[in-house]
Each structure stands twice: as structure tokens, then as C-alpha cells.
Amino acid sequence: MSQEIVLAVQNAATLNEFLRRELPKLLGAEESPQAQESAAANSAVSNSKIRRLIFSQNVWVSQAPSQAQDARGGAFFLCKNPSLFLKKNARVKVFIDKEKFFYQKENDDIKFELDDSRVLYEDDAIIVVNKPPRFPSEATFARDRDNLQAAAVRYLHKKIGLEKNPPYCGMVHRLDRDTSGVILFSKQRAANAALFAAFDSSGAELAGKSERAAQKIYAAICASAGSFGLANNSSHGQKAAAIFGQEKDSFSVQNYLGRVSPKSQAAKWGFVPKEKGGKFARTDFKILQKKDGLVFVQAKLLTGRTHQIRVHLAQSGLPILGDVLYGGRPAERIFLHAHVLDLPHPISGQPLHFEAPLPPEFSALL
């Protein structure tokens with residue numbers, strides 16, 4: 001049940017900082033001191049949930065220290081800016097459901113430690129890793145949640161000796177949590193400029209090139225129109241039927257992509273016109289195999305937009321198996337694998353080729 005809480009600002013602070021500090025303690029006022037301390041230290045609450053509470057129009061602010069009557073139209077005004085600076089003696093009104101606020105969904109990340117079997121290549125400048133699925137590439141809002149970058153730091157730290165400071169390990173590009181395969185980290189800052197340029201789609205466009213210097217090829221398993229129940233008279237069903245019906249074994253998708261979901265919901269991308277901020281995206285697809293209503297697809301990225309392959313396949317009527325966010329059939333994982341990465345070495349300029357073998361669950365379906 002939603003309740004109304006009014007907080008007085010004792011010391012000037014931004015709105016999100018103030019709520020991070022005060023709201024968990026107040027909501028846990030009837031609990032034990034240990035419970036209050038735990039609530040106040042909850043990093044998941046103090047980051048994403050506080051911002052969601054603000055963006056969902058449940059926070060009202062009065063900068064006036066008076067006891068003026070408020071409701072929702074008096075001295076208080078609706079605030080959706082987490083960075084709003086609160087003056088001393090200001091008041092903040094929050095409408096909140098305590099039970100829902102403190103509920104924390106458990107993630108199903110795997111436990112993972114990087115070892116030699118997962119390292120595809122390493123030298124003084126870079127380390128290339130075969131990422132497992134169901135494991136984040138980098139740190140999230142939840143500070144105690146493990147990730148591949150942290151695992152790479154631990155791996156490198158052990159090699160140089162734990163008595164020394166942790167080594168540098170820079171994030172150059174990312175893979176979605178449920179995507180497996182080739183991912184590269186920088187081991188020295190001097191390599192970063194060349195690496196970022198190689199992965200930068202906009203840089204290639206400005207230079208008049210059709211592709212980035214870094215070439216990435218993915219493998220995906222999708223459901224056909226018939227197996228997924230798509231109507232053949234729908235646009236997606238017609239596209240999927242044409243592909244699965246052997247009318248063509250390769251196709252390309254190019255359009256402009258941007259975020260189409262509200263900030264308070266799961267991040268979802270889709271078509272957004274260029275004039276409204278959409279970024280150009282192109283993917284070339286090749287059909288490698290069709291079996292039992294499934295389509296084994298090779299995807300070559302010519303640009304590197306968020307969720308690009310997932311969106312482009314869904315728009316073609318072939319959502320990736322397990323990718324329920326974009327209409328895919330539920331499965332044990334999202335069947336998307338970063339198979340190949342080609343790029344010039346950031347220091348020497350020599351061409352490099354890395355390949356992560358298909359995971360066993362791919363082979364089992366094929």
C-alpha cells in the first residue's frame with residue numbers, strides 16, 4: 001500500500017543524494033538498528049530504485065521552509081530531476097509502497113572465474129576473452145554484482161602477484177549479459193585511442209568508409225515464422241516466410257535505431273527516425289542452416305548500435321531464440337554468440353583474427 005512521507009532537509013544536497021541517504025533509514029524506522037543500517041547501505045536501492053522513484057512522478061519538493069499546506073498544488077511541486085539541489089530546510093514529499101520499494105529481484109548470473117581456457121589471446125596491450133552467457137560484461141548499479149571486467153582484473157592480478165596493485169583493464173566494447181563470445185579488454189591506456197577508433201561506427205562514417213576497422217561476426221539461432229506462429233500475411237511473417245522458404249539465403253537490414261522504452265522500464269531499442277535522434281545501423285545476414293523450424297544465422301555488424309542484431313532480426317520476423325524482449329521464444333539463454341572479431345593491433349597495426357567456438361548448446365540444436 002502506498003504511503004505519503006514528508007522529509008525535512010537538514011543539510012543541503014541533491015535530491016537523489018538526499019533520498020539515498022534518508023529514505024531507506026526512515027522506511028526502516030520500525031525495524032531493528034541492524035535492519036535500518038542494512039537498508040541504508042543497500043546499493044541497489046541507493047542507485048536505480050531511487051532514480052526510478054523520481055522518474056515515476058512520486059517525488060514532490062518544496063524549497064520553502066514554511067509549514068504551508070501543500071497537497072499536490074500548493075508549496076510543493078512535482079520534481080523529476082534527480083540532480084535538483086535542495087536547500088537547507090527544504091521539504092521533500094514521497095509517495096511510496098514500502099514493500100515494493102525494498103523488493104529486490106534476484107538475478108540469475110552464473111558464478112564465473114576467468115582462467116586460461118577462456119583467454120583467446122593476450123599480449124602487453126590487450127587481452128581477448130571468450131565470454132560466457134548470463135554474466136554481465138561490466139559493473140552494474142548493484143555494487144556487489146560480479147562482472148567480466150572485474151574477473152579479468154582478478155585474472156591479471158594473480159599473474160603479476162597479489163601483493164601488487166590491481167592492473168589496468170579497460171572496457172573497449174561490450175556484449176549483452178546473455179550474449180557469449182569474443183570480447184576484448186585494453187591492458188594499457190596507450191592502446192585505448194586506437195581501439196576506440198577501431199570500434200567507432202561514427203568515425204568510419206565521417207571518414208567515408210562503409211565499415212568500422214573492427215569487424216564482428218555473430219552466430220544466432222532464430223525461430224522460423226511457422227514454428228513461432230507468425231501469420232504469413234503479417235509483414236514480419238512474410239519476411240520470415242521468404243527467408244525460411246529458401247527465397248533468399250542472405251539479406252541486409254539498415255535503418256536508424258534508438259531507445260524506444262521509457263527510462264523507468266527495461267531498455268529496449270527500435271526504429272527511431274534520424275531527425276529524432278536515431279543512429280544509422282546496418283547488419284548483413286547470411287542463412288547457414290535451417291532445421292526443425294530453426295534458422296542458423298550469421299550476422300555481420302557494419303555498425304555497432306545497442307541491441308542491433310536482436311532488433312534487426314526481430315524486425316525481419318526472425319527473433320532470436322530466448323530473446324523474449326524482442327518477441328523470441330523462451331529458451332535457456334539468448335542464442336546469440338560473438339563468433340569472430342577482426343581488427344588491427346592497436347600498437348603494431350598488424351591484422352588480428354579471433355574466433356570463439358560455438359557453445360555446446362548451439363551444437364545441440366543444430
Side-chain angles (χ1 to χ4, degrees), residues 109-140 142-201 203-204 211-219 299-301 303-306 308-309 333-334 336-360 362:
D109 296 344
I110 63 169
K111 300 292 184 182
F112 178 75
E113 255 341 295
L114 183 61
D115 58 31
D116 293 344
S117 68
R118 284 278 179 174
V119 177
L120 301 173
Y121 177 84
E122 183 184 358
D123 62 19
D124 291 340
I126 60 175
I127 179 171
V128 184
V129 175
N130 182 9
K131 175 188 173 299
R134 292 173 50 207
F135 196 64
S137 291
E138 60 181 337
T140 64
R143 296 179 184 177
D144 59 347
R145 189 178 182 186
D146 201 8
N147 60 86
L148 188 63
Q149 185 180 25
V153 170
R154 294 193 298 267
Y155 172 82
L156 295 172
H157 201 183
K158 289 179 182 178
K159 293 183 68 174
I160 65 173
L162 294 177
E163 70 280 359
K164 296 185 179 181
N165 292 328
Y168 174 76
C169 183
M171 178 68 68
V172 178
H173 66 120
R174 295 159 181 79
L175 294 177
D176 293 340
R177 171 191 174 274
D178 288 303
T179 301
S180 55
V182 184
I183 185 169
L184 178 149
F185 296 97
S186 168
K187 289 179 58 180
Q188 54 177 261
R189 291 179 173 83
N192 286 350
L195 289 171
F196 289 145
F199 283 93
D200 183 23
S201 300
E211 300 178 356
R212 305 176 299 173
Q215 295 295 300
K216 301 170 74 175
I217 296 176
Y218 287 71
K300 183 178 180 181
L301 281 174
T303 53
R305 310 306 181 197
T306 302
Q308 178 175 321
I309 295 174
R333 59 163 291 187
I334 295 178
L336 181 62
H337 178 73
H339 191 37
V340 173
L341 172 63
D342 293 312
L343 79 165
H345 192 278
I347 305 299
S348 69
Q350 291 297 311
L352 299 174
H353 174 84
F354 308 112
E355 187 168 326
L358 290 179
F362 274 68

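As the structure is a prediction and not an experimental result, all values here were calculated from the model.
- Atom CG of Leu336 and atom CG of Asp178 lie 9.5 Å apart (nearest 0.5 Å).
- In this structure, CZ on Arg118 lies 13.0 Å from CD1 on Ile127, to the nearest 0.5 angstrom.
- Taking 4.5 Å as the limit, some side-chain heavy atom of Arg333 sits within range of a side-chain heavy atom of Ser180.
- Rounded to the nearest 0.5 angstrom, Phe354 CZ and His339 NE2 are separated by 14.5 Å.
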**Request:** Run the numbers on Phe199 and His173 for ring pair (Phe, Tyr, Trp, His ring centres under 6.0 Å), then give the verdict.
**Result:** CA-CA 7 Å; Phe199 283 93; His173 66 120; 4.5 Å; yes
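- Note: Lys164 NZ to Leu156 CG = 13.0 Å, rounded to the nearest 0.5 Å.
- Interatomic distance, NZ of Lys187 versus CG of Asn192, reported as 13.5 Å (0.5 Å rounding).
- The stretch residues 124-134 participates, sequence neighbours left out, in no side-chain hydrogen bond (donor to acceptor under 3.5 Å, both in side chains) pair at all.
- Taking 4.5 Å as the limit, some side-chain heavy atom of Leu343 sits within range of a side-chain heavy atom of Leu184.
- Gly181 and Leu175 get closest at one heavy-atom pair: O-CD1, 3.7 Å.
- At least one donor-acceptor pair under 3.5 Å links the side chain of His337 to the backbone N or O of Ala356.
- Counting all heavy atoms, side chain and backbone alike, Gly349 lies closest to Pro344 at O-CB, 3.7 Å.
- Shortest non-hydrogen contact noted between Ala125 and Ile347 is CB-CG1, 3.9 Å.
- With hydrogens and angles ignored, the 3.5 Å screen pairs no side-chain donor or acceptor of Thr303 with any backbone N or O of Arg305.
- Salt bridge status for Asp109 with Arg177: present, with a side-chain N to carboxylate O gap under 4.0 Å.
- With a 4.5 Å cut-off on side-chain heavy atoms, Tyr218 and Gln308 do not count as touching.
- Taking 4.5 Å as the limit, every side-chain heavy atom of Ser137 sits out of range of all side-chain heavy atoms of Gln149.
- Put simply, the side chain of Val129 reaches to within 4.5 Å of the side chain of Leu114, judged on heavy atoms.
- Phe185 approaches Cys169 most closely through the heavy-atom pair CB-SG, 3.6 Å.
- Two residues are said to be in side-chain contact when any heavy atoms from C-beta on lie closer than 4.5 Å; Ile126 and Leu195 meet this criterion.
- No donor-acceptor pair closer than 3.5 Å links the side chain of Asp176 to the backbone N or O of Thr179.
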**Request:** Begin from the C-alpha positions of Lys159 and Glu122 and carry the test salt bridge (charged side-chain N to carboxylate O under 4.0 Å, His left out) through to its verdict.
**Result:** CA-CA 12 Å; Lys159 293 183 68 174; Glu122 183 184 358; 2.9 Å; yes
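- Using modelled atom types, one finds no donor on one side chain facing an acceptor on the other under 3.5 Å when comparing Asn165 with His157.
- Between Glu355 and the options Val340, Leu120, Asp342, a side-chain contact (heavy atoms from CB on, under 4.5 Å) holds for only Val340.
- For the pair Val119 and Tyr155, the minimum side-chain heavy-atom distance is below 4.5 Å.
- Lys216 is not listed as a side-chain neighbour of Lys300, based on a closest heavy-atom distance of 4.5 Å or more.
- Rounding to the nearest 0.5 Å places CD1 of Ile110 at 9.5 Å from CG of Asp146.
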